[in-house]
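All chains are named by letter (A, B, ...) in the order of the sequence lines, taking the proteins before the strands, and each is independently numbered beginning at 1.
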Protein chains: 2
Amino acid sequence: MKLTTKGRYAVTAMLDLSLHYGEGPITLADIAQRQGISLSYLEQLFSRLRKKSLVASVRGPGGGYSLGRDADEIYVGEVISAVDENIDTTRCNGAYNCHNNERCLTHELWSDLSSQIYNYLNKISLQDLMDRKTVREVAARQDHSNQEEVSGLEVTLADEPSDLAGA
Amino acid sequence: MKLTTKGRYAVTAMLDLSLHYGEGPITLADIAQRQGISLSYLEQLFSRLRKKSLVASVRGPGGGYSLGRDADEIYVGEVISAVDENIDTTRCNGAYNCHNNERCLTHELWSDLSSQIYNYLNKISLQDLMDRKTVREVAARQDHSNQEEVSGLEVTLADEPSDLAGA
DNA sequence: TACATTCCCAAGCAAAATAGTCAAGATTTC
DNA sequence: GAAATCTTGACTATTTTGCTTGGGAATGTA
């Protein structure tokens with residue numbers, strides 16, 4: 001199991017998609033703007049999500065993406081697996097001869113752990129996430145600020161004072 | 001939580017140390033050879049393990065490392081935390097303003113997950129690992145093959161046919 | 001048909017992280 | 001004092017990440 005921002009981006013985007021389900025296809029441009037993820041990067045992620053049938057796409061004007069299944073049938077673990085290819089550990093992925101043609105000492109431990117994490121993540125559906133109060137609150141705020149941002153063409157982000165609170 | 005080979009190396013080395021506990025201080029050179037980890041890399045890892053008092057060191061000839069506590073009081077999670085500094089997620093680690101000065105949608109999910117994994121790993125002690133049958137078996141083999149390897153200076157690993165089984 | 005909008009895809013690239021090397025030193029034992 | 005061992009820091013190579021660029025292909029609309 002690998003846990004990187006890549007997987008987080010994917011889950012965030014899928015959650016965004018779920019929250020706007022029922023509004024017809026959602027464009028990646030919308031998601032990119034709402035979630036602050038680069039459009040091209042999203043395209044790469046969604047390419048993999050589509051290959052795993054987690055999303056369905058419609059081309060052309062008015063097109064976009066929608067969920068491949070209902071939100072309560074898509075699990076976080078699936079999303080992460082889809083974008084983070086080698087879900088296994090990097091060195092001895094599945095191989096029994098990690099070291100000196102034998103299993104490495106902790107081989108079993110890591111496979112145990114991987115499946116443990118995987119189990120945990122595969123119990124959480126996108127619907128579960130949507131049901132969370134904090135998620136709904138943030139989503140509502142995002143939809144509002146989105147409407148404001150749409151009018152202005154681009155937000156200037158030259159040197160945002162991100163660490164004012166610190167020090 | 002971050003799960004990389006770095007953490008795996010650390011746990012493997014600590015497990016090796018546990019298995020040879022009672023034989024006096026163990027040198028990193030021994031561990032490096034048994035577990036196939038570069039000595040200098042081990043040095044870096046053990047530097048961090050020592051700072052967290054997970055190991056104790058004795059310098060000079062006959063010196064080496066020993067466990068900082070009993071094997072049933074050292075948990076896998078601690079070992080991983082010790083070497084993998086930023087145990088938190090990379091982007092919005094702890095910050096509440098991941099995106100647009102708000103919490104990102106999945107912020108809560110990731111902190112939940114992190115603590116979940118951490119809990120799991122902090123229930124497994126080095127002693128637990130040693131009690132596993134497969135670990136004891138591999139360890140026994142390693143001790144044997146180690147004695148053989150000591151006589152030959154270096155194993156030639158020019159082009160090992162690692163993918164014969166494939167295709 | 002033209003064209004704008006959207007998905008699709010592949011190559012490349014900078015920054016960061018990972019895994020490892022190298023070199024110099026500090027302690028201790030013999 | 002010499003050898004063994006830990007200790008430390010700087011340096012390097014490789015991989016991964018996050019992102020850009022630049023082109024397509026499909027499709028709805030005028």
Write down the distance between [atom1] ([X]) and [atom2] ([N]), rounded to a whole number of angstrom.
X       : N      : atom1 : atom2 : value
A:Tyr41 : C:dC7  : OH    : C1'   : 19 Å
A:Gln35 : D:dC19 : CD    : P     : 13 Å
A:Leu49 : C:dC8  : CG    : P     : 11 Å
B:Phe46 : D:dT8  : CZ    : C1'   : 16 Å
A:Leu28 : C:dT5  : CG    : P     : 16 Å
A:Lys6  : C:dA15 : NZ    : P     : 19 Å
B:Leu39 : D:dT8  : CG    : C1'   : 14 Å
B:Leu42 : D:dT8  : CG    : C1'   : 16 Å

From A:Leu67 CG over to A:Leu17 CG, what is the distance, rounded to the nearest 0.5 angstrom?
4.5 Å

CZ/A:Arg34 to CD1/A:Ile26 distance, rounded to the nearest 0.5 angstrom?
6.0 Å

State which of D:dT5, C:dC9, D:dT8 makes the closest approach to the side chain of A:Arg50.
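Closest nucleotide to the A:Arg50 side chain: C:dC9.
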
Candidate nucleotides C:dT21, C:dC7, D:dC6, ranked by approach to the side chain of B:Ser38 - the nearest
C:dT21

List the residues meeting side chain to side chain donor-acceptor pair (under 3.5 Å) with A:Gln127, not counting sequence neighbours, and say none if there are none.
A:Asp131

Hits for side chain to side chain donor-acceptor pair (under 3.5 Å) against B:Ser125, two or more places apart or cross-chain, chain-then-number order -> B:Asp128

Going through the distances and angles, do B:Met14 and B:Val55 end up as a side chain to side chain contact (heavy atoms under 4.5 Å, CB included)?
CA-CA 8 Å; B:Met14 288 292 284; B:Val55 296; 3.4 Å; yes

List in chain and number order the residues that pass side chain to side chain contact (heavy atoms under 4.5 Å, CB included) with A:Lys123, two or more places apart in sequence or in another chain; answer none if no residue qualifies.
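Residues passing side chain to side chain contact (heavy atoms under 4.5 Å, CB included) with A:Lys123: none at all.
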
Among residues at least two apart in sequence or on other chains, which ones pass side chain to side chain contact (heavy atoms under 4.5 Å, CB included) with A:Ser53?
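For A:Ser53 there are no side chain to side chain contact (heavy atoms under 4.5 Å, CB included) partners, ignoring immediate neighbours.
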
Answer with yes or no whether the hydrophobic clustering places A:Tyr75 together with A:Val83; edges join I, L, V, M, F, W, Y residues whose side-chain heavy atoms lie under 4.5 Å apart.
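Not linked; separate clusters.
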
What stems involve DNA chain C, if each pair must be Watson-Crick or G-U and both of its distances must be under 3.5 Å, with 3 or more such pairs in a row?
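Expected stems, ordered by start: C:1-30 with D:1-30.
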
Categorize B:Ile26 for me: base, sugar-phosphate, or nothing, with a 4.0 angstrom heavy-atom threshold over every strand shown.
sugar-phosphate

Selection residues 54-80 of chain B - residue pairs positive for salt bridge (charged side-chain N to carboxylate O under 4.0 Å, His left out), sequence neighbours left out:
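Found B:Arg69-B:Glu78.
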
What is the per-nucleotide protein-contact pattern of nucleotides 9-14 of chain D, from the 5' end, where B denotes a base atom under 4.0 Å from a protein heavy atom, S denotes such proximity for sugar-phosphate atoms only, and - denotes neither?
-B----

Among residues 57-69 of chain A, which ones have heavy-atom contacts with DNA chain D below 4.0 Å?
A:Arg59, A:Gly60, A:Pro61

So ring-ring contact (aromatic ring centres under 6.0 Å, His included) across residues 24-54 of chain B, not counting sequence neighbours, yields B:Tyr9-B:Tyr41, B:Phe46-B:Tyr65

Min side-chain heavy-atom separation A:Lys51-A:Ser47 under 4.5 Å:
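A:Lys51 reaches A:Ser47 side chain to side chain.
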
